[in-house]
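Proteins come first, then strands; the chains are lettered A, B, ... in the order of their sequence lines, and each starts at number 1. None of the values given here were measured: they were computed from a predicted structure.
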Amino acid sequence: MLRTHTCGELRADQIGQEVTLCGWIDTCRDHGGTLFIDLRDRYGKTQIVFAPEGEAANLEAGRRLRSEDVVSISGKVAPRPAGTENADLATGQIEVRVRRVEVLNKSKVPPMKPSAKEQPSEDLRLKYRFLDLRRPEMQRTLILRHRMVKLIRDYFDERGFIDIETPMLGRSTPEGARDYLVPSRVQPGTFYALPQSPQLYKQILMIAGYDRYVQIARCFRDEDLRADRQPEFTQLDLEMAFVDANDVIGVIDGLMARLARELLGIELSLPLPRMTYDEAMERFGHDAPDLRFGMELVDVSDLAATADFRVFRETVASGGKVRGLNAKNAADRYSRKGIDELTGYVTGDFGAKGLAWFKVGDERRLASPIAKNFSDETLARIAERMQAEPGDLLLLIADKWEVTCKALNGLRRRLGAELELYQPGQMHFSWVVEFPMFEYDREEACWAAMHHPFTSPRPQDRAMLAGEPEKCRAQAYDLVINGFEAGGGTIRIHDQKLQSQVFRLLGIDEQTAATRFGFLLDALQYGAPPHGGIALGLDRLVMLFGGLDNIRDCIAFPKTQRATDMMTGAPGQVDGNQLRELGVKIIRE
RNA sequence: GGGGUCGUAGCUCAAUUGGUUAGAGUACUGGACUGUCGAUCCAGUGGUUGCGGGUUCGAGUCCCGUCGACCUCGCCA
């Protein structure tokens with residue numbers, strides 16, 4: 001070892017010891033006669049002192065040190081003079097008096113300094129990721145991630161789960177997200193697909209009798225990026241045989257309680273609350289509601305139907321809804337201009353036609369440019385329905401049900417943040433269950449699986465598959481944390497006939513099914529046990545547990561929004577010979 | 001594919017209505033200083049205002065295009 005201790009290790013106990021530390025030059029404080037240097041590694045910082053009573057050559061060498069040089073320093077641990085201890089530093093009781101300095105590697109002047117107060121811009125951070133990762137915030141997050149993964153592995157190991165790796169090179173299945181493709185050299189003209197998830201493999205493992213499987217699996221989806229979405233991400237993936245939905249949910253409840261306790265010091269009360277999909281949509285307009293605060297959606301369609309206000313009346317008459325929410329005490333927070341901004345938000349981002357609003361005055365009187373279109377009685381009933389009190393701001397949207405959901409969910413989240421309706425460190429865990437089996441795809445004019453085509457309907461809904469698929473509910477469950485979908489799972493179909501029926505319903509004909517999923521349909525006929533599982537987005541979990549607002553900060557080497565790696569320059573062009581070998585030709589537009 | 005924000009010194013930012021020689025902090029270089037810890041003090045270097053075009057007597061500022069980062073809708077079984 002080139003060092004005897006780390007830079008976060010030395011305490012008063014080691015006073016008098018001769019030590020060698022290695023690390024990066026963090027900051028220098030040169031007083032002419034005396035020179036202080038903070039030496040940094042990922043464990044902490046230690047103050048190194050170049051004192052006048054030491055060798056003059058050392059002081060000269062110390063003066064030549066610059067930010068981010070890597071050095072080895074030997075010397076004696078000494079107590080700091082009384083009054084100069086640094087309480088902000090774990091090693092603040094001591095300092096190391098230099099006996100020997102060795103520069104292991106000079107650094108160019110870095111474009112960013114790890115201990116800088118201001119955070120550098122993100123493109124700079126991504127380009128110089130090796131410097132960015134030296135920052136304590138990044139180290140904190142990656143260490144949190146490591147601890148989470150360790151806890152997860154221990155948790156599942158204790159419960160008899162087996163970690164089994166599944167292939168990265170698989171078969172493309174055009175359903176779901178766009179695949180990342182890998183050309184085959186051995187069989188030119190054919191392609192592997194990188195896994196969107198290990199879904200089919202883990203079902204095969206259940207059929208193979210490995211009744212408790214777990215994997216921390218890398219997954220790939222070639223779709224557009226978001227703050228919480230990367231093309232390459234990590235799932236905590238698991239599957240269990242001989243279980244129902246409650247069993248899977250129970251296992252994850254226990255995991256969340258363990259993670260919250262160990263990583264955040266929060267005690268969760270179990271079981272975690274559950275809500276049906278229908279209830280979530282009705283009360284919050286979204287299948288992953290942020291339950292850190294209330295401000296629930298209110299349906300006033302029946303009241304709107306009788307109003308003179310044409311937009312409301314006609315919307316309801318044509319089968320739409322008028323729904324809204326009550327921003328408590330927010331009437332003064334939003335000026336006309338502020339409300340215009342909210343209007344632009346719901347019309348621009350969610351296609352709403354407008355935003356109706358009322359400010360609640362004394363005696364719960366509703367004031368608004370459109371108020372004259374409503375009878376006093378209707379206004380009073382709206383106020384009552386929305387539990388309006390003086391100072392509140394009522395916001396209403398009249399549109400198709402789907403649009404009211406999207407727009408009001410967006411509005412609710414935005415207002416929740418702007419009005420600070422929750423605390424920074426607050427966490428809320430819950431389940432949303434009983435999703436519909438199918439949603440209608442207008443573009444393709446067919447039914448599409450809401451979760452995936454291997455999802456089992458609830459036993460009591462199975463009879464409706466043929467006649468009324470829209471009423472069919474799935475044995476599906478999503479874990480929701482602070483309004484983010486942290487994960488989702490289902491009980492799978494373990495019966496080949498039922499699986500074929502669902503494929504037919506989804507417009508996947510027998511030939512296609514046989515080509516793409518033949519191995520699964522085949523396996524289902526050789527003693528497939530009832531089984532189900534779940535996958536959690538690990539990067540998102542880290543983001544949520546770390547109190548971060550984007551997933552890139554949870555990943556050591558993330559991609560930008562255009563899916564490039566600013567450090568390596570990936571993706572890049574390849575040699576013509578490589579392409580020829582693969583039988584791949586670039587078409588230039 | 002659509003909408004939006006941003007791009008000025010190595011870094012973080014400023015620059016009035018379009019108006020003189022584009023500034024500040026920090027970093028960097030040199031100097032002073034024996035107890036600092038974001039050290040301090042003095043001096044100095046540092047700019048193709050992302051790139052290309054246009055409007056104008058005059059463009060960091062306005063217009064068009066383009067590149068890049070971020071947010072977002074669509075998309076993400």
### Query
What distance, rounded to whole Å, do you find between the two C1' atoms, one in rA59(B) and one in rA22(B)?
12 Å
### Task
Could you state the atom-to-atom distance from CZ of Arg63(A) to C1' of rU34(B) in whole Å?
10 Å
### Query
Ring of His31(A) versus six-membered ring of rG35(B): centres under 5.5 Å and planes under 30°?
no
### Task
Please state how far atom CG in Leu39(A) lies from atom C1' in rC37(B), giving the value in whole angstrom units.
14 Å
### Message
For Leu536(A) versus Ile534(A), what's the shortest heavy-atom pair and its separation?
### Response
CD2-CD1, 3.8 Å
## Note on the structure
Taken to the nearest whole Å, CD/Gln561(A) to P/rG74(B) is 14 Å
### Message
Any base atoms under 4.0 Å from Pro52(A), or only sugar-phosphate, or nothing? Heavy atoms, all strands.
### Response
base
### Task
Could you state the atom-to-atom distance from CG of Leu225(A) to P of rA69(B) in whole Å?
11 Å
### Query
So what does Lys45(A) touch, heavy atoms closer than 4.0 Å: a base, only the sugar-phosphate, or nothing?
nothing
### Message
Could you check whether the side chain of Arg97(A) and the base of rG35(B) have a donor-acceptor pair of N or O atoms closer than 3.5 Å, going by distance alone?
### Response
yes
### Task
Could you tell me the separation between the CG atom of Asp123(A) and the P atom of rG50(B), rounded to a whole number of Å?
13 Å
### Message
Check this for me: does any side-chain nitrogen of one of Arg414(A) and Glu418(A) sit under 4.0 Å from a carboxylate oxygen of the other?
### Response
yes
### Task
Going by the side-chain hydrogen bond (donor to acceptor under 3.5 Å, both in side chains) test, name the single residue among Gln230(A), Gln561(A), Glu122(A) that passes it with Arg552(A).
Glu122(A)
### Task
Give none if rA59(B) has no partner; otherwise give the nucleotide forming a Watson-Crick or G-U wobble pair with it, both distances under 3.5 Å.
none
### Query
Arg29(A) side chain N/O closer than 4.0 Å to the phosphate oxygens (OP1, OP2) of rU36(B)?
no
### Query
How far does the C1' atom of rG50(B) sit from the matching atom of rC67(B), given to the nearest Å?
7 Å
### Message
Measuring from the side chain of Pro120(A) (C-beta onward, heavy atoms only), which nucleotide among rC70(B), rU12(B), rU34(B) has the closest atom?
### Response
rU12(B)
### Message
Can you tell me the base-pairing partner of rU5(B)? Count Watson-Crick or G-U wobble geometry only, both distances below 3.5 Å, and say none if there is no partner.
### Response
rA69(B)
### Task
For Gln196(A), answer base if it contacts any base atom (sugar-phosphate contacts may also be present), sugar-phosphate if it contacts only those atoms, and nothing otherwise; contact means non-hydrogen atoms under 4.0 Å.
nothing
### Task
For rU16(B) and rC62(B), measure between their P atoms and round to the nearest Å.
10 Å
### Query
Which part of the nucleic acid does Thr84(A) contact within heavy-atom distance under 4.0 Å: base, sugar-phosphate only, or nothing?
base
### Query
Side chain of Arg125(A), base of rC11(B): donor and acceptor closer than 3.5 Å?
no
### Query
Can you tell me how far P of rU72(B) sits from CG of Asp349(A), to the nearest Å?
10 Å
### Query
What does rU12(B) pair with, Watson-Crick or G-U, if both distances are under 3.5 Å?
rA24(B)
### Query
With a 3.5 Å cut-off and just heavy-atom distances, do the side chain of Gln119(A) and the base of rU12(B) make a donor-acceptor pair?
no
### Query
Should the pair Tyr440(A) and Trp447(A) be assigned to parallel (<30°), tilted (30 to 60°) or perpendicular (>60°) ring geometry?
perpendicular
### Query
Whom does rU29(B) pair with, Watson-Crick or G-U wobble, provided both distances fall under 3.5 Å?
rA43(B)
### Query
Is there a donor N/O on one and an acceptor N/O on the other, under 3.5 Å, for the side chain of Arg221(A) and the base of rC76(B)?
no
### Query
Contact class for Gly32(A) vs. all strands (heavy atom < 4.0 Å): base, sugar-phosphate, or nothing?
base
### Query
On the ring face of Phe233(A), is Arg218(A) found with NZ or CZ under 6.0 Å from the centre and within 45° of the axis?
no
### Message
It should be established whether Lys406(A) places a side-chain nitrogen or oxygen under 4.0 Å from OP1 or OP2 of nucleotide rG74(B).
### Response
yes
### Task
May I have the distance from Glu341(A) (atom CD) to rU5(B) (atom C1'), rounded to whole angstrom?
13 Å
### Message
For a quick check of understanding: with a heavy-atom distance under 4.0 Å over all strands, which category does Glu85(A) fall into, base, sugar-phosphate or nothing?
### Response
base
### Message
So Asp88(A), base contact, sugar-phosphate only, or nothing? Heavy-atom distance under 4.0 Å.
### Response
nothing
### Query
When you check the phosphate oxygens OP1 and OP2 of rU29(B), does a side-chain N or O of Arg66(A) lie under 4.0 Å from one of them?
yes
### Message
When the P atoms of rU49(B) and rG7(B) are compared, how many Å lie between them, rounded to an integer?
### Response
14 Å
### Message
One thing to verify: whether Arg462(A) and Asp495(A) come together as a salt bridge, which I'm taking to mean a side-chain N less than 4.0 angstrom from a carboxylate O.
### Response
yes
### Query
Would you say rC67(B) has OP1 or OP2 under 4.0 Å from some side-chain N or O of Arg562(A)?
no
### Task
Identify whether any heavy atom of Thr27(A) sits under 4.0 Å from a base atom; if not, whether one sits that close to sugar-phosphate; answer base, sugar-phosphate or nothing.
sugar-phosphate
### Query
What integer number of Å spans the C1' atoms of rG47(B) and rC28(B)?
16 Å
### Query
Between Leu65(A) and Cys28(A), what is the shortest heavy-atom contact and its length?
O-SG, 4.3 Å
### Message
Roughly how many Å apart are rU45(B) and rA9(B), using the C1' atom of each and rounding to a whole number?
### Response
11 Å
### Query
Which nucleotide sits closest to the side chain of Glu118(A): rU12(B), rC70(B), rU36(B)?
rU12(B)
### Between Phe454(A) and His452(A), ring centroids under 6.0 Å
yes
### Message
Once hydrogens and angles are ignored, does a donor-acceptor distance under 3.5 Å link the base of rC37(B) to the side chain of Arg80(A)?
### Response
yes
### Message
Would you say Ser67(A) places a side-chain N or O within less than 4.0 Å of OP1 or OP2 belonging to rA27(B)?
### Response
no
#### Entry: Residue Ala227(A), side-chain heavy atoms: nucleotide from rC75(B), rU72(B), rC70(B) that is nearest
rU72(B)
### Message
Pick the closest RNA chain B nucleotide for Thr564(A) and for Leu89(A) by heavy atoms, then say which residue is nearer the 5' end.
### Response
Leu89(A)
### Distance, C1' atom - from rG18(B) to rG31(B), rounded to whole angstrom
43 Å
### Query
Thinking salt bridges, do Asp553(A) and Arg125(A) make one under a 4.0 Å N-O criterion?
yes
### Spacing of Ile37(A) atom CD1 relative to rC37(B) atom C1', expressed in whole Å
13 Å
### Message
Using heavy-atom distances to pick each residue's nearest nucleotide on RNA chain B, tell me which of Met112(A) and Asp549(A) is more 5'.
### Response
Met112(A)
## Note on the structure
Which of rC70(B), rU36(B), rG38(B) is nearest the side chain of Lys117(A)? It is rG38(B)
### Query
Given rA69(B), is OP1 or OP2 found less than 4.0 Å from the side-chain N or O atoms of Ser121(A)?
no
### Inter-nucleotide P distance (rU21(B), rG30(B)), Å rounded
33 Å
### Query
Base, sugar-phosphate, or nothing: which does Pro111(A) touch, judged by heavy atoms less than 4.0 Å apart?
sugar-phosphate
### hbond_proxy Asp224(A) side chain to rG74(B) base (donor-acceptor, 3.5 Å cutoff)
yes
### Query
Between Asp340(A) and Thr343(A), do the side chains contain an N or O donor and an N or O acceptor separated by less than 3.5 Å?
no
